[in-house]
Amino acid sequence: MDAVSIPNLFASLQIPNNHTAVGLSNLLASNSQAKALFHHRRLPDSGWSDLQIQRLLLELSVLDTNCEVATKCQSSTSDIFSHRWTGAGEREGRIYSPLVSQRHYAFGHGIGRSGDVMEAQPKAVGSSALLRLTLRLTLDAVRRGAGLNGNIGKGDQSSGPASFGTLLPVCTGMAMALVLSGLRDRAHKLDAAAGNETERNIVLWSRIDQKSCYKAILTAGLRCIVLPTKAHTGTDEVSTDLDALKVALDEYENRILAVLTTTSCFCPRVPDEVDAVAKMIQTWNEGKDGIGISHVINHAYGLQCQSTNKLLNRACNIGRVDAIICSTDKNFLVPVGGALIMSPNYNVIESISQNYPGRASASPIIDLFITLLSMGLDGYKRILDERIRLTGLFRHRLEELADLFGERVLICPRNTISFGITLDNLVVQDGTKYDSEQPQQEERNKQVTKFGSMLFTRCISGTRVVPRNESKVISGHTFHGFGSSHEQFPHAYMTSACAVGMSEGEMNEFFVRLERSWKEYCAKRKKESKKWRKEDGYIEGNMQDLAMGNT
């Protein structure tokens, strides 16, 4: 039924025309909104209602050939098949459970094709339209909401960081591996065309102590060179060692595929100076044959931070940036499982999209589409502004708590999402005499780790407790001082984040529970310390009696 046929059809049921006209106005308004969405491909200022979103999703799913038979495989084989479409392929979008079909709005074909994750499917035009529209809405959100530039260029013509993009239904680490694989394939073709036959199989990685980053490089079949970080005097900040990067560029030269930097990280790590890195890479590439060294930025949850977004804009303006990887769950409040890849270069995005093997799940795309329409541009800006408002309050409350327990907040002004507080006074000495510093440090670290476990058992999630001088081996590489992204960070500490989506009530409750748990822990350690001292005194007295011959 459409707006033209409805009046006549309803009149045959003796429904007055004036009544029909009132109801029809709602249908026309809804159709007008949908048409505007497809025409402008921009996020509406005001969010849509759930009913409006559901209606559009169901209309799109009807366009897929499998929709009418999605859940019919439960039916008896003796049933007469009366549906318009019948499929004899190995993948026909069949869904056994009606509940699963309902959860996915009957989208069963997925997105993309075996040759390109962004390619349209002949059997799934509704799914294809959903993917393309969701990408446009997402790029619009990060341009007009988060403040990333998106000046459309052509081909290899450099432009803003949010000019082009693709959506991948994988977590940030897997997206990173796919990005590096796509860049490797692109580099092989362009280097060969320029007569450069050297294999690019090295990634220079500015160290950040997150396992997924390092593993992503190895998953792509590449060799990772871990660049040390630099501690900044006058603050507690840890970030890029530009001198170490320059040395590595000169040492490995044309064997380098990419430099991987990070802009969203746990305190005391702060965003890499991606603008300086971009400029350095561009300068190093000048005058050399082939594709040159690429620059990939891990911007996992950085879209919520205005200062790092400005840093990305500057990096793309003055130097080389090939790909920017963002998580959908951390930035847009959807379930884990999606990534947004952006680039100022269309050809880079094309290479990444064409490197995805097979079809992809549409589930993360549906989640993102629903969320963006539900938020609208005003809603998205509102949660970004609320995070900024809470940041000052969060730091103030953390400073009050630090004073209460004789600690201090780590000075990391360039990280406005993750905050750290020292735990130097958390450890209580039990009087044990150690032969060396190592077992004593291990005991301290054990106590600090117990504090982190205690917080979790009291339903406080998201905090990270980092002991001093811990070492961790990941895929054969030893990271000294693991957790702090630096080999010799001088403090044990705890981090917590003021991230997008946190409410003021949630923040207040966090600090109430944290203070209570901290007091409980200190009381427990104090009681244990008294016990140790009493036992030591008893043993020492007995030893003196024995020495004097007393019984």
Side-chain angles (χ1 to χ4, degrees), residues 1-2 5-6 9 13 23 26-27 30-31 33-34 37-38 47-114 117-135 137-138 167-171 174 328-329 332-339 356-375:
M1 293 190 298
D2 54 37
S5 62
I6 283 177
L9 294 173
L13 299 174
N26 292 334
L27 179 62
S30 181
N31 289 342
Q33 282 183 311
L37 189 69
F38 279 89
W48 285 18
S49 69
D50 291 349
L51 186 61
Q52 289 173 302
I53 298 171
Q54 288 174 330
R55 179 176 180 240
L56 180 56
L57 283 170
L58 291 172
E59 287 179 345
L60 288 173
S61 70
V62 168
L63 299 176
D64 288 1
T65 59
N66 72 298
C67 181
E68 61 182 356
V69 296
T71 60
K72 296 302 179 183
C73 50
Q74 283 195 41
S75 303
S76 169
T77 54
S78 61
D79 289 346
I80 298 175
F81 197 93
S82 60
H83 304 291
R84 183 163 180 259
W85 286 94
T86 179
E90 81 289 349
R91 183 194 292 112
E92 293 294 343
R94 300 183 182 105
I95 303 172
Y96 182 86
S97 169
L99 189 60
V100 172
S101 180
Q102 181 183 5
R103 176 174 176 260
H104 293 271
Y105 292 90
F107 286 105
H109 277 297
I111 57 174
R113 305 184 75 181
S114 58
V117 74
M118 293 299 294
E119 189 176 352
Q121 293 184 46
K123 292 194 292 186
V125 65
S127 298
S128 301
L130 177 67
L131 171 62
R132 303 285 180 89
L133 184 57
T134 304
L135 175 60
L137 296 182
T138 307
L167 290 168
L168 300 178
V170 292
C171 65
M174 284 303 299
T328 56
D329 66 281
F332 298 107
L333 309 181
V334 295
V336 171
Y356 190 95
R359 293 192 190 184
S361 169
S363 185
I365 309 303
I366 297 171
D367 292 339
L368 184 57
F369 179 76
I370 292 171
T371 302
L372 288 173
L373 280 184
S374 182
M375 282 182 180

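For clarity, every value in this text was computed on a predicted model and none was experimentally measured.
Looking at Tyr105 and Leu130, their side chains never come closer than 4.5 Å, going by heavy atoms from C-beta outward. Proximity of Phe332 to Thr138: side-chain heavy atoms (C-beta onward) are separated by under 4.5 Å at one or more points. Two residues are said to be in side-chain contact when any heavy atoms from C-beta on lie closer than 4.5 Å; Thr371 and Met375 meet this criterion. Residues Leu60 and Leu56 meet the side-chain proximity criterion, which asks for heavy atoms closer than 4.5 Å. With a 4.5 Å cut-off on side-chain heavy atoms, Leu37 and Leu137 count as touching.
In terms of heavy-atom proximity, Tyr356 sits nearest to Pro169 at OH-CG, 3.8 Å. When all heavy atoms are compared, the tightest approach of His104 to Ile366 is O-CD1, 3.7 Å. Minimum interatomic distance between Arg359 and Arg113 (heavy atoms only, all atoms of both residues): CG-CA, 4.2 Å. Of all heavy-atom pairs between Ile111 and Ala362, the closest is CG2-CB, 3.9 Å. Gly338 and Pro364 get closest at one heavy-atom pair: CA-CB, 4.2 Å.
Identified under the salt bridge (charged side-chain N to carboxylate O under 4.0 Å, His left out) test for residues 363-372, with sequence neighbours left out: none.
To the nearest 0.5 Å, atoms CG (Leu373) and CD1 (Ile53) are separated by 5.0 Å. Residue Leu368 holds its CG atom at 10.5 Å from CG of Leu333, rounded to the nearest 0.5 Å. One distance of note links CZ of Arg132 with CG of Leu167; it measures 11.5 Å at 0.5 Å rounding. Note that the CD atom of Gln102 and the CG atom of Leu58 stand 9.5 Å from one another [nearest 0.5 Å]. A distance of 10.0 Å separates NE2 in His109 from OG in Ser128, rounded to the nearest 0.5 Å.
Taking Ser49 as the reference, Leu51, Gln52 meet the side chain to side chain contact (heavy atoms under 4.5 Å, CB included) condition, with sequence neighbours excluded. Checked against side chain to side chain contact (heavy atoms under 4.5 Å, CB included), Met174 has the following partners two or more places apart in sequence or in another chain: Val170, Cys171. Residues meeting the ring pair (Phe, Tyr, Trp, His ring centres under 6.0 Å) test with Phe369, sequence neighbours left out: none. Considering only residues two or more places apart in sequence or on other chains, Val125 meets the side chain to side chain contact (heavy atoms under 4.5 Å, CB included) condition with Leu63. For the salt bridge (charged side-chain N to carboxylate O under 4.0 Å, His left out) test, residues two or more places apart in sequence or in another chain that qualify with Arg55 are Glu59.
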